[in-house]
Every structure is written in structure tokens, then in C-alpha cells.
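Proteins come first, then strands; the chains are lettered A, B, ... in the order of their sequence lines, and each starts at number 1. Keep in mind that this is a model prediction, so the values were computed, not measured.
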There are 2 protein chains.
Amino acid sequence: MSLETRAQGWRTLAALQQRIETKIEKALQDHHDLSVNEFCLLHHLSVPGGPSTRMQHLAEMLVLSQSATTRLVTRLENRGLVKRVLSAEDRRGIYAEATESGRELHDRAVPTHNEALEAALREAEGLPELTPLVSALETLALKVQPLSGLEAQP
Amino acid sequence: MSLETRAQGWRTLAALQQRIETKIEKALQDHHDLSVNEFCLLHHLSVPGGPSTRMQHLAEMLVLSQSATTRLVTRLENRGLVKRVLSAEDRRGIYAEATESGRELHDRAVPTHNEALEAALREAEGLPELTPLVSALETLALKVQPLSGLEAQP
DNA sequence: CTCCAAAAGTTGCACACGCATGTAGTTGCA
DNA sequence: TGCAACTACATGCGTGTGCAACTTTTGGAG
């Protein structure tokens, strides 16, 4: 397979991705006043066992810069959804954790996210050219099931 | 398969997507002073048979708002890479087409884009949790080969 | 012990984007 | 012909993001 072919597939996937993310963004914004990044941050802090995560770790998971993460946490902190906890051992480190109302908002937002995704996928399947792509995503979701979190490479 | 499982897979894919796009963005920025959107715009105007595309059509393809498309074209126009052509039939319509130097820059940028994508995919394959995902993308690129362009649904 | 490089977060700045609005041109209908 | 609704772009404004510079803290070398 040529590089060009793969690149063409990649750009098509990126466009589809963008379209679906836009739909999810609007749904989350309309119903809960949350951006996708804000939702993902709450998701990481609400779901996993360790409810307390370092700023830099959040930046890696969300694929954001440090500064964007700082302000993302600040925004949610100002809304009382997240709180900063200073680390005792390493006083440079700051942990973010979800508050009770943060977890509540997350629980309400999860169905919105999932239903918007379902709707977007169904819609995308309607376009004949995208059908194989969408069905590949379905397979993909199966395979990724046991994934715990994303780590960045150095 | 549960909605949650699919959503988890989707968020993982989105994160990987974002990571790779960031790498491509940096490569294009460093070597050719182009953002990914700018590259994609040039790509659509340089490659296909019809080198002349309406603003709104570009917005659909790039998954951007009208205003973002206006300014995207303006930026490239100021650099002499693209030119606006007023439509004769419908004088509201404006066509964008690549200039000679725009096509040249595109031709130089294509290898950068493709190599950055290859490198990012190889890197992602190194992370054990992402391997199935990446290989799914490989399959995907094959299936999408005959795709000509992306159209939005009304 | 002192000094210094590296790490974790924050902040100033520039910029690309979306939304709402404005403007020019088109279409339809009375 | 004249007016209203609509379309295609452009523009003002607010905001989220990345980069670079800065502060505080840590850990190690001399």
C-alpha cells in the first residue's frame, strides 16, 4: 500500500472524527455547558479508581498542553466541579480531583455523550462512502475494551 | 456491545487521533509554515480534477465554519498560495483555486505530511495497548481507497 | 553546604475558531 | 415591478489553545 493511499484514508478518518466530535461537543454544550475536553477531564477523574490525578498526567491523557490543562482545571474549579489538592511529598505537584457535584454532572453527561456518539455513527453510516469506515470503528471499539488509560511516549 | 464500551473505544481513538494530528501539525508547521487545515485546503485544491471550489464546499470538506473558511482562504491568499475567483453565474459565489506557487508548496508538503503520519503510526504501534487500534487503521486505509471527497449531510 | 539544571505549574501573548450579525446578490410571489 | 425570504461570504467579538517566559521546588555534582 502506498503512503498516499494511507494518508488519504487518514485524512478521511480525521474528517469523520472531526464531524462526530463537533456533534458531541454541541450536545454536551447544550445540555450540560461542557466542552468535550471538560467532559473528558471529569470522566477521567470520576471513573477510575484513583480519583486524584496530577496536572501533567491529565495533560497527557487529554492530549493538551500544560497551559491548556491549567486553564481547563481552573475553569472547572471555578464552577465547583473539580478541586486542586497540593501534593505533600512533592510540593511542586498538584493533584486534581472531582468534587461531589463534579461527579454528579459527569454522571448526567455520560448518557448525553454516548447518545450523541450513537446518533452520529448512525448518521455517518447513511453515507455510502463512509460505511466501511464506520463499521471498522465498531470493530475497533470492541478491541479496545480493556484499555485503562493513555500514556504518552517521552 | 454496551454504549459505554463503544464510547470508551471512541474516546481512545479520539485521543490517538489528536496525538497524531499534533505531530503532523508540528511537522508541517516547522517545514512549510502550514497548519493541517491549510495543508488540507491546498490538498483539495491541488489534487482533484476541478481545481476550483466554492467556499462553502471547502467548509464542508474541512469540517470548519464559514467564518473559519473565509479566514483560512484569506491567509493563504495573502501568501499568494490561493486566489479567489468571483463566480460569473451566481455573483454571490466565490471560488478558491490554488496558484502555481500554492501547488508547488503543496507538492513539497505532501511528503512531510505522509512521513510524519508514518512515523506517528509506527510510534503508536510501540505502545502495546494501542497496537490493535493502529492495525485497524491500516485496514481502514485500504478500504477507503476509492473515496473521492467528503460531503456533509443536510 | 552551595550551586545549578531539570521538573511542575502558572501566566502573557498571539492566533485560529465558532457564534451572531452584517452585506450583497438571488429567487419567488403578488 | 416591488417586496420578502433566502443564500453566500465577510466581520466583530469572545474564548480555548500553544509557545515562551517565569516561579517554586527538587535532586544531584562539586
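- Remark: A/Glu21 engages B/Arg11 in a salt bridge (charged side-chain N to carboxylate O under 4.0 Å, His left out) (not counting sequence neighbours).
- Side-chain atoms of A/Thr22 and A/Gln17, non-hydrogen and from C-beta on, never get closer than 4.5 Å to each other.
- The salt bridge (charged side-chain N to carboxylate O under 4.0 Å, His left out) check on A/Arg71 picks up nothing, with sequence neighbours excluded.
- Pairs passing the salt bridge (charged side-chain N to carboxylate O under 4.0 Å, His left out) check and including a residue from residues 103-121 of chain A, sequence neighbours excluded, read A/Glu118-B/Arg6.
- Chain B approaches DNA chain D over the interval D/dT7 to D/dC19, counting the first and last nucleotide 5' to 3' with an atom under 4.0 Å from its heavy atoms.
- For B/Tyr95, there are no ring pair (Phe, Tyr, Trp, His ring centres under 6.0 Å) partners, not counting sequence neighbours.
- Taking five base pairs at each end of the helix from C/dC1-D/dG30 to C/dA30-D/dT1 and finding the rotation axis that steps the C1' atoms of four pairs onto the next four gives two axes whose angle is 10°, to the nearest 10°.
- At the heavy-atom level, A/Glu89 lies under 4.0 Å from the strands shown only through sugar-phosphate atoms.
- Legend: residues meeting salt bridge (charged side-chain N to carboxylate O under 4.0 Å, His left out) with A/Arg91, ordered by chain and number and at least two apart, are absent.
- Listed by chain and number, the residues in a side chain to side chain contact (heavy atoms under 4.5 Å, CB included) with A/Asn114 are A/Val110, B/Leu3, B/Glu4, B/Ala7 (sequence neighbours excluded).
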> What is the per-nucleotide protein-contact pattern of nucleotides 1-11 of chain C, from the 5' end, where B denotes a base atom under 4.0 Å from a protein heavy atom, S denotes such proximity for sugar-phosphate atoms only, and - denotes neither?
Replying inline: ------BSBBB
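- Residues A/Met55 and A/Val73 are in side-chain contact: their nearest non-hydrogen atoms beyond the backbone lie under 4.5 Å apart.
- Ionic pairing of B/Glu123 and B/Arg19 is not present here: no N-O contact between side-chain nitrogen and carboxylate oxygen is shorter than 4.0 angstrom.
- If A/Ala88 and A/Arg75 are placed on DNA chain D by their nearest nucleotide, the residue sitting closer to the 5' end is A/Arg75.
- In terms of the side-chain hydrogen bond (donor to acceptor under 3.5 Å, both in side chains) criterion, residue partners of A/Arg84 (sequence neighbours excluded) are, by chain and number, A/Thr74, A/Glu77.
- When side chains are defined from C-beta on, B/Thr112 does not count as touching B/Asp30, because their heavy atoms never get closer than 4.5 Å.
- Near DNA chain C, meaning a heavy atom under 4.0 Å away, the residues from residues 28-40 of chain B are B/Asn37.
- Every residue two or more places apart in sequence or in another chain that forms a ring pair (Phe, Tyr, Trp, His ring centres under 6.0 Å) with A/His113 is listed here: A/Phe39.
- With rounding to the nearest 0.5 Å, the separation of OG in A/Ser35 from CG in A/Leu72 is 6.5 Å.
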